[in-house]
2 protein chains.
Amino acid sequence: MKWDALEEEPCSLARTVAVIGDRWSLLILRECFLRIRRFDDFQASLGITRHLLADRLKKLVRFGVLRKIPYQESPKRYEYILTQKGLDLYPVIMSIVHWGDTHMVDARGRPMLHEHKNCHKMFDPVMVCSECGEPLSAKAVHVHRGPGARQSSPVHAKAQERGKRVAEPG
Amino acid sequence: MKWDALEEEPCSLARTVAVIGDRWSLLILRECFLRIRRFDDFQASLGITRHLLADRLKKLVRFGVLRKIPYQESPKRYEYILTQKGLDLYPVIMSIVHWGDTHMVDARGRPMLHEHKNCHKMFDPVMVCSECGEPLSAKAVHVHRGPGARQSSPVHAKAQERGKRVAEPG
DNA sequence: ACCTTAAGTTCTATTTTAGAACTGTCAATA
DNA sequence: TATTGACAGTTCTAAAATAGAACTTAAGGT
């Protein structure tokens with residue numbers, strides 16, 4: 001499968017993965033949320049090759065996640081800052097960080113702590129239902145085909161059929 | 001940077017990216033949450049090459065995200081199912097899907113809708129603070145170094161210093 | 001003149017991925 | 001009995017992506 005094909009898939013996960021679904025893009029976004037904005041700063045803090053950094057920044061700008069803002073003339077220099085579309089990736093970044101905090105820490109504990117300026121406490125992010133406010137789990141959610149769906153997949157139908165005869169996952 | 005180095009970084013995002021930070025792992029996980037469990041079903045529904053699928057499944061099992069469960073003897077066959085560690089990735093998957101629903105849909109609308117069995121309504125996932133319950137945004141969060149942190153980076157210090165003299169992001 | 005900062009671009013070598021074919025086991029079918 | 005099909009991989013070569021280092025361009029400072 002080509003990257004371009006991913007963008008066209010009738011699946012919001014696949015389309016998002018087409019934008020941020022590689023290790024460097026996610027790490028670049030981490031730096032953006034930590035207020036890194038300039039080419040050499042990204043390069044120094046990530047250890048990414050300059051070639052790939054230029055490529056990924058271009059891609060994130062093309063998708064409207066970052067925007068180039070001039071910060072000096074002659075020679076013209078730009079900073080890469082998050083657009084609103086980019087800022088909206090915060091839940092993605094935070095849920096990834098939280099999973100790492102839960103399942104990948106070593107004996108020394110968490111590398112970073114997060115304080116909510118609203119309540120002045122250290123917090124964890126919790127994903128809740130927009131309608132009833134209860135925390136979400138995979139088992140409490142039922143998936144329906146939406147208006148942008150493609151015809152249903154025979155593979156999924158077959159697997160679902162089998163699923164009725166065997167134990168539940170988990 | 002090598003993949004192995006990512007696992008060792010004192011950063012929960014980097015460590016998580018070492019596990020799920022490539023396009024195929026995320027797509028495989030999508031299928032897992034849609035109840036796909038078997039090798040050929042993954043292969044048929046994703047179009048991934050068999051070589052890479054075998055490699056990624058092995059990796060996800062090694063990290064404890066999936067578990068191999070025998071479903072028949074002679075020839076011995078296994079299903080790949082999510083462990084609790086894997087089920088805990090649900091907020092990651094859902095936040096990615098929600099960003100795609102918000103920013104990457106075409107004119108036809110969302111490919112999938114999600115119903116909460118708890119309240120029987122179609123919902124969006126919302127990320128809130130575990131302490132005060134308010135929705136989270138990047139600007140309302142302050143980051144502190146935790147016990148597992150490394151010495152602070154000169155790059156971040158420099159960028160932060162510069163940040164005080166220029167406009168805020170966004 | 002020479003060094004530094006900054007943001008890239010270019011180059012070759014290595015690694016990863018795509019795509020297709022092949023292997024091994026067993027069950028069901030002709 | 002021979003053949004076909006399901007299933008879960010492995011093996012192969014060619015193409016693509018990445019690593020790592022050097023180079024370029026344009027200015028400012030000493």
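Every chain is numbered from 1 and lettered A, B, ... according to where its sequence line falls, protein lines coming before strand lines.
Classified by interplanar angle (parallel below 30°, tilted 30° to 60°, perpendicular above 60°), the ring pair Tyr90(B)/Phe33(B) is tilted.
A straight line from CG of Leu52(B) to P of dA16(D) spans 16 Å, rounded to a whole angstrom. One atom, CD1 of Ile36(B), and another, C1' of dA8(D), lie 16 Å apart when rounded to the nearest Å. Regarding Leu53(B), its CG atom lies at a distance of 13 Å from the C1' atom of dT10(D), rounded to whole Å. In this structure, the CG atom of Leu6(A) is 10 Å from the P atom of dA18(C), given to the nearest Å. Gln43(B) places its CD atom 11 Å from the C1' atom of dG19(C), with the value rounded to the nearest Å.
Positionally, the nearest nucleotide of DNA chain D for Asp55(A) lies more toward the 5' end than for the other of Ser74(A) and Asp55(A).
A donor-acceptor contact shorter than 3.5 Å is absent between the side chain of Arg37(A) and the backbone of Tyr78(A).
Here Asp88(B) pairs with His103(A), Gln84(B) under the side-chain hydrogen bond (donor to acceptor under 3.5 Å, both in side chains) rule; sequence neighbours left out. Shown here are the side-chain hydrogen bond (donor to acceptor under 3.5 Å, both in side chains) partners of Asp55(B), two or more places apart in sequence or in another chain: there are none. Remark: Glu115(A) engages His144(B) in a side-chain hydrogen bond (donor to acceptor under 3.5 Å, both in side chains) (not counting sequence neighbours). Every residue meeting the side-chain contact (heavy atoms from CB on, under 4.5 Å) condition with Val126(A), not counting sequence neighbours, appears here in chain and number order: Val128(A), Pro135(A), Val128(B), Ser130(B). Here Pro75(B) pairs with Gln72(B), Arg77(B) under the side-chain contact (heavy atoms from CB on, under 4.5 Å) rule; sequence neighbours left out. The side-chain hydrogen bond (donor to acceptor under 3.5 Å, both in side chains) test applied to His114(B) returns no partner, not counting sequence neighbours.
Rotation axes derived from the C1' atoms of the five outermost pairs at either end of the helix from dA1(C)-dT30(D) to dA30(C)-dT1(D) lie 20° apart, to the nearest 10°.
Counted by atom type alone, Ser95(B) and Ser95(A) present one or more donor-acceptor pairs between their side chains at under 3.5 Å.
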Can I get a per-line list of side-chain donor-acceptor pairs under 3.5 Å for residues 13-21 of chain A, giving both atom names and the distance, sequence neighbours left out?
| residue | atom | partner | partner atom | Å |
| --- | --- | --- | --- | --- |
| Arg15(A) | NE | Glu9(A) | O | 2.8 |
| Arg15(A) | NH1 | Met104(B) | O | 3.3 |
| Arg15(A) | NH2 | Glu9(A) | O | 3.3 |
| Arg15(A) | NH2 | Asp106(B) | OD2 | 3.4 |
| Thr16(A) | OG1 | Ser12(A) | O | 2.8 |
| Thr16(A) | OG1 | Ile96(B) | O | 3.1 |
| Thr16(A) | OG1 | Gly100(B) | N | 3.2 |

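Taking every heavy atom of residues 59-66 of chain A and every atom of DNA chain C, no pair lies under 4.0 Å. Annotation: proximity of residues 17-26 of chain A to DNA chain D (heavy atom, distance under 4.0 Å) is found for Arg23(A), Trp24(A), numbered in ascending order.
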Counting primed atoms plus P, OP1 and OP2 as sugar-phosphate and everything else as base, spell out the protein contacts along nucleotides 6-11 of chain C at 4.0 Å heavy-atom distance: B, S or - for each nucleotide, 5' to 3'. BBBBBB
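Nucleic acid contact for Thr49(B): base, since at least one base atom lies under 4.0 Å from a heavy atom of the residue.
You'll find the side chain of Arg30(B) reaches within 4.5 Å of the side chain of Leu46(B), heavy atoms only.
Val141(B) and Leu87(A) end up in the same hydrophobic cluster when Ile, Leu, Val, Met, Phe, Trp and Tyr side chains are linked at under 4.5 Å.
Screening residues 18-29 of chain A for side chain to side chain donor-acceptor pair (under 3.5 Å) gives Asp22(A)-Ser25(A), Asp22(A)-Arg56(A) as the qualifying pairs, with residues at least two apart or on separate chains.
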